[in-house]
Amino acid sequence: MPIARSILLWGSRNRWLEQQARQRTFARRAVRRFMPGEDVDAALAAATTLAARGIGSVLTQLGENLASAGEADTVRDHYLEVLDGIGERTLPALISLKPTQLGIDFDLGACIARVDAIIERAGRRGERVWIDMEDSSYVDPTLDLFRQLRRRHDNVGLCLQTYLRRTSADLEGLLPLKPAIRLVKGAYAEPPEIAYPNKADTDAAYLTIGTTLIEHAAHRGGTPPVIGTHDLRIIRALQERAAAAGLARRACEVHMLYGIRSAEQDRLHREGYAVRVLVSYGRAWFRWYMRRLAERPANLWFVLRSVVS
Ligand SMILES: Cc1cc2nc3c(=O)[nH]c(=O)nc-3n(C[C@H](O)[C@H](O)[C@H](O)COP(=O)(O)OP(=O)(O)OC[C@H]3O[C@@H](n4cnc5c(N)ncnc54)[C@H](O)[C@@H]3O)c2cc1C
């Protein structure tokens, strides 16, 4: 793993740095590049602007592990309100959930019940709810969560990370469920026994797993994958494979993060592909923001520019 990436991912778990960053105006200014604001109204406003460009959105509240199960009920109620807000504004917006925020650390059954309530509410408007994938220690409980939810709901999708050595095998186990999968490379610091240390292997796995999902959608009634990346080479390759397999242009949606490659989002939309942007909001932005910096350490220049501007 390149040294800058390792340092930034280490920093993402440092409480002292987090406290310092939260108190600095320049840090909050820099974060704005990837996040429209800390409250949900800012995210809904961003979703409205994206909709005017013909681009859908996926809203997600930042935050990871909780101190108590009660906090998870608050998160559930928050998302139920967000779904109502999306409905009132008739926005083309979905939501994406982190299992740790819904209490997966405390009691899987109670976590399932909370996510169930959210999926049921989203289903009233025919919308899918996405489940994020967090660090590798959460893969097994998250797969368990997803399997149980998938038995009861069609409108739930799961994120899989192609940097994990186990993901192809996990996908094989999931395919009989005809799962909706959002494929991403993976954002956490993981040891080489668990995740490919070389980017080329992660990229190759992305193409292989993406192709499996496309073939499954084209020939075995599966659900086309969501291509969750800013990597234009991978997007183009999978779009070509989807076309060759006979899938319509809009079948494989492309999802990107807010503030990254906006011009490409517009271009893909103009070319007839379905595009969504993941819009994050919330006060707990530090760890998430450090992961964005780690993905592209050149982004540190934006932080430095925010210090002087
Ligand atoms: C919709 C969506 C949902 C996601 N959900 C999850 C999840 O649930 N779990 C998880 O572990 N990860 C998630 N991620 C993050 C993902 O794992 C990657 O860390 C992130 O997408 C960067 O990798 P990349 O695929 O864009 O490829 P890369 O090879 O890292 O980047 C390709 C190109 O995109 C541009 N780029 C990438 N990142 C940045 C950046 N931060 N700033 C500026 N330019 C950039 C650069 O030009 C780069 O060369 C999600 C990403 C997306 C888009």
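Source: prediction; values computed, not measured. All ligand and atom numbering here is 1-based and tracks the order in the structure.
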Lys199 heavy atoms within 4.0 Å reach ligand 1 at atoms 29 (O)
Look at atom 9 (N) of ligand 1 and find which of Met133, Arg292, Arg291 reaches it with the closest heavy atom. Met133
Check Arg182 against ligand 1 and report side chain, backbone, both or neither, counting heavy atoms closer than 4.0 Å. side chain
What's the verdict on ring-ring contact (aromatic ring centres under 6.0 Å, His included) for His78 and Tyr281, showing C-alpha distance, side-chain angles and the deciding distance? CA-CA 12 Å; His78 170 78; Tyr281 60 93; 5.7 Å; yes
For atom 32 (C) of ligand 1, the option (of Leu97, Thr202, Leu164, Asp231) bearing the nearest heavy atom: Asp231
Does a salt bridge link Lys178 with Asp154, judged by any charged N lying under 4.0 Å from a carboxylate O? no
Is there a nitrogen or oxygen of Lys185 sitting under 3.5 Å from a nitrogen or oxygen of ligand 1? yes
With no hydrogens and no angle check, just 3.5 Å: does a side-chain donor-acceptor pair link Gln265 and Arg276? no
For Asp132, take its heavy atoms, then give the atoms of ligand 1 lying under 4.0 Å from any of them. 8 (O)
Arg121/Asp84 ion pair, N-O < 4.0 Å: yes
Using a 4.0 Å cutoff against the non-hydrogen atoms of Gly186, which atoms of ligand 1 qualify? 11 (O), 16 (C), 17 (O), 19 (O)
Below 4.0 Å, non-hydrogen atoms only: which portion of Arg261 touches ligand 1? Side chain, backbone, both or neither. side chain
N or O pair under 3.5 Å between His255 and ligand 1: no
Regarding ligand 1, does Phe34 bring an N or O atom to under 3.5 Å of one of the ligand's N or O atoms? no
A side-chain contact here means heavy atoms from C-beta on lying under 4.5 Å apart; do Tyr206 and Leu183 qualify? yes
Would you check, one step at a time, whether the test side-chain contact (heavy atoms from CB on, under 4.5 Å) holds for Ile119 with Arg150? CA-CA 10 Å; Ile119 296 174; Arg150 180 68 187 91; over 6 Å; no
Which of the atoms in ligand 1, numbered in the order shown and given with their element, are less than 4.0 Å from a heavy-atom of Cys159? 6 (C), 7 (C), 8 (O)
Heteroatom proximity flag, His230 to ligand 1, N/O under 3.5 Å: yes
Counting C-beta onward and ignoring hydrogens, is there a side-chain heavy-atom pair between Asp201 and Thr162 closer than 4.5 Å? no
Using a strict 4.0 Å threshold on nitrogen-to-oxygen distance, state whether Asp266 and Arg270 make a salt bridge. no
Is Met256 touching ligand 1 with its side chain, its backbone, both, or neither, if touching means heavy atoms under 4.0 Å apart? backbone
Answer yes or no: is there an ion pair linking Arg114 with Asp77, defined by an N-O contact shorter than 4.0 Å? no
Would a distance-only check, ignoring hydrogens and angles, find a side-chain to backbone donor-acceptor pair under 3.5 Å from Glu253 to Gly228? no
Heavy-atom distance to atom 50 (C) of ligand 1: which of Val58, Leu158, Val184 wins? Val184
Determine whether the side chain, the backbone, both or neither of Thr229 has a heavy atom under 4.0 Å from any heavy atom of ligand 1. both
Can you tell me which portion of Ala187 lies within the under-4.0 Å heavy-atom range of ligand 1? Options are side chain, backbone, both, or neither. both
Below 4.0 angstrom from a heavy atom of Gln161, which ligand 1 atoms are there? Numbered from 1 as shown, please. 9 (N), 10 (C), 11 (O)
I'd like to check which ligand 1 atoms, numbered from 1 as shown, lie under 4.0 Å from a non-hydrogen atom of Leu257. 2 (C), 51 (C), 52 (C), 53 (C)
Do the side chains of Asp132 and Arg182 get close enough for a salt bridge, i.e. N-O under 4.0 angstrom? yes
Could you see if Tyr196 belongs to whatever hydrophobic cluster contains Tyr188? Use Ile, Leu, Val, Met, Phe, Trp, Tyr and a side-chain cutoff under 4.5 Å. no
As a check for students: among Ile227, Ile260, Val254, identify the option with a heavy atom nearest to atom 39 (C) of ligand 1. Ile260
